[in-house]
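These notes concern the structure reproduced below.
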Amino acid sequence: MAKDNSRLVNILFQVGAIFIALVFTTLVMFIAGAPPFRTYAELVRGALGNFKLMADVVVAWVPLLLSTSGLLITFSAGLWNIGVEGQITIGAIFTTGVLRLLQDSGLPPFLIISLSILAGMIGGALWAALAGALKTFGGVNEIFGGLGLNFVATSLTIWLIFGPWKRPGVGSMSGTQPFPESLWLPMIPGFRLSIWTVILAAIAIVIIYYLLKGTYFGLKLKAVGNNMRSAYLLGIPTWQYMMFSFILCGVFAGLAGAIQVTAVYHRLIPAISSGYGFLGLMVGMLINYQALWVVPVALFFAALNIGSIQLPIVLKLDSSLSGVIQGSMVLFVLLMDGFRRQFSIKWLRRGDGE
């Protein structure tokens, strides 16, 4: 009975946080002179107005799901892998490099695409391992190390686009020369969506859920995240688990970057990560690091991103309004979670007093 009451209280606090976030966003719209209800309606219409828009939501959902899935591993280890943006970017660079290397090799396109995606996963893992090594062996906080590596990855992308990999005759902010359609992941006719990306995303979330919920590795990883010193005293090799968490996160982030190249942009562009790493951090905080909720919440955030494209067109509003909604939801959920914890402590103390 007590457990049911605790679960009900948690749900009420979460619902309350979302309601307060919507109230806050509505007030922001009033201040900006925007009609709130019409704005929300345009957000929904922009995401669900037709099948093409819904397919675009799924296109945005896949890399967000992959990056969030990877982040759940480092979150479980008590680590803030801010460098996930750079890991997506390096994954895209490795993928592009292999595609450029093999596109005239005569190998079957399916094999070239597979090797390029594998290279992207390896690239993301290596970049994440570098962040992990800075944390584990260099004593560099993973937040600062990750941010620094993000800048390096972005600078490397721009150098490649305007340098060795520039389009014939001139470098362009539109990116490298697009790859031939034979080197794209197969697309659904009439849409920008590849069913293969959805399959890869589904496999990824199943792996993450099982890894964190049904294995000794996940249990030990959480032990390290909850109390590193106690985990060490219990015989868990803490630094190895920290490194593993970074590397596994990098694999999923690199896969997201590979999909951006092979299924979305079909080339390397300066902003290839599209902010999915930072957005994944918000999704992870919003779901309280529970793998079960990654799919619907990431889909909701992807829908906000796609739906916000309508705002400048129809209402002359900046599309960054969706970011206000996303950020305020995370902020108020975290605040309400703090209030919930304080409420639970006071309730327990009162029960002990009685």
Side-chain angles (χ1 to χ4, degrees), residues 59 61-77 79 81 83-103 107-133 146 149-150 152-154 156-157 160 179 183-186 194-212 217 221 242-269 272-274 276-277 280 291 294 298:
V59 170
W61 170 73
V62 168
L64 178 57
L65 178 67
L66 289 171
S67 58
T68 307
S69 298
L71 284 166
L72 289 180
I73 300 174
T74 46
F75 280 144
S76 296
L79 299 167
N81 185 16
V84 66
E85 278 281 313
Q87 292 148 32
I88 295 172
T89 301
I90 295 298
I93 289 174
F94 271 57
T95 299
T96 304
V98 170
L99 286 173
R100 289 175 60 87
L101 181 67
L102 299 179
Q103 62 180 340
L107 292 173
F110 177 79
L111 180 59
I112 296 175
I113 294 171
S114 300
L115 290 173
S116 70
I117 291 174
L118 179 61
M121 295 166 71
I122 293 172
L126 291 174
W127 206 245
L130 180 55
L149 289 172
N150 287 347
V152 174
T154 301
L156 181 60
T157 304
L160 288 169
F179 293 107
L183 296 182
W184 300 3
L185 278 174
S194 170
I195 194 65
W196 285 102
T197 64
V198 179
I199 293 172
L200 289 171
I203 293 172
I205 191 58
V206 169
I207 291 173
I208 291 298
Y209 181 82
Y210 176 73
L211 188 70
L212 296 179
F217 176 83
L221 199 66
M242 290 169 63
M243 283 297 298
F244 282 147
S245 69
F246 272 110
I247 292 170
L248 287 174
C249 181
V251 167
F252 288 99
L255 177 57
I259 284 174
Q260 290 289 87
V261 173
T262 57
V264 181
Y265 296 107
H266 313 298
R267 63 189 185 279
L268 183 67
I269 65 171
I272 192 69
S273 69
S274 300
Y276 288 126
V294 172

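Hydrogens, waters and symmetry mates play no part in the numbers below; they use all other heavy atoms, side chains included.
A distance of 9.5 Å separates CZ in Arg100 from CG in Leu268, rounded to the nearest 0.5 Å. In this structure, CD1 in Ile73 is found 4.5 Å from CG in Leu248, a value given to the nearest 0.5 Å. Residue Leu72 holds its CG atom at 11.5 Å from CG of Asn81, rounded to the nearest 0.5 Å. With rounding to the nearest 0.5 Å, the separation of CD1 in Ile203 from CD1 in Ile208 is 12.5 Å. A distance of 10.0 Å separates CG in Leu101 from CG in Leu115, rounded to the nearest 0.5 Å. Between the CG atom of Leu65 and the CZ atom of Phe252 there is a distance of 9.5 Å, given to the nearest 0.5 Å.
Of all heavy-atom pairs between Thr89 and Ala153, the closest is CG2-O, 3.7 Å. Contact record, Leu79 with Ser245: CD1-OG, 3.4 Å, taken as the closest heavy-atom pair. Across all their heavy atoms, Ala204 and Leu66 have their closest contact at CB-CD2, 3.4 Å. Closest non-hydrogen pair, Leu64 versus Ala298, comes out as CD2-O, 3.4 Å.
Screening residues 63-76 for side chain to side chain donor-acceptor pair (under 3.5 Å) gives no qualifying pairs among residues at least two apart or on separate chains.
Residues Leu156 and Ile90 have side chains in contact (heavy-atom distance under 4.5 Å, counting atoms from C-beta outward). Proximity of Pro186 to Ile195: side-chain heavy atoms (C-beta onward) are nowhere separated by under 4.5 Å. Side-chain contact between Pro63 and Ile88: absent, with no pair of heavy atoms (C-beta onward) separated by less than 4.5 Å.
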Can you give each donor-acceptor pair under 3.5 Å made by side-chain atoms of residues 255-262, sequence neighbours left out, with the distance rounded to 0.1 Å?
residue, atom, partner, partner atom, Å
Gln260, NE2, Ile272, O, 3.0
Gln260, NE2, Ser274, OG, 3.2
Thr262, OG1, Ala258, O, 2.9

Output side-chain donor-acceptor pairs under 3.5 Å for residues 116-132, partner residues at least two apart or in another chain, one line each.
residue, atom, partner, partner atom, Å
Ser116, OG, Ile112, O, 3.4
Ser116, OG, Ile113, O, 2.7
Trp127, NE1, Leu149, O, 3.4

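Counting heavy-atom neighbours within 6.0 Å of Phe179 CZ, excluding the residue itself, gives a total above 12.
Side-chain polar atoms of Gln87 and Asn150 form no donor-acceptor pair below 3.5 angstrom.
A donor-acceptor pair is defined here as one N or O able to donate and one able to accept, closer than 3.5 Å; such a pair exists between the side chain of Arg267 and the backbone of Tyr265.
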Going through the distances and angles, do Leu102 and Leu111 end up as a side-chain contact (heavy atoms from CB on, under 4.5 Å)?
-> CA-CA 10 Å; Leu102 299 179; Leu111 180 59; over 6 Å; no

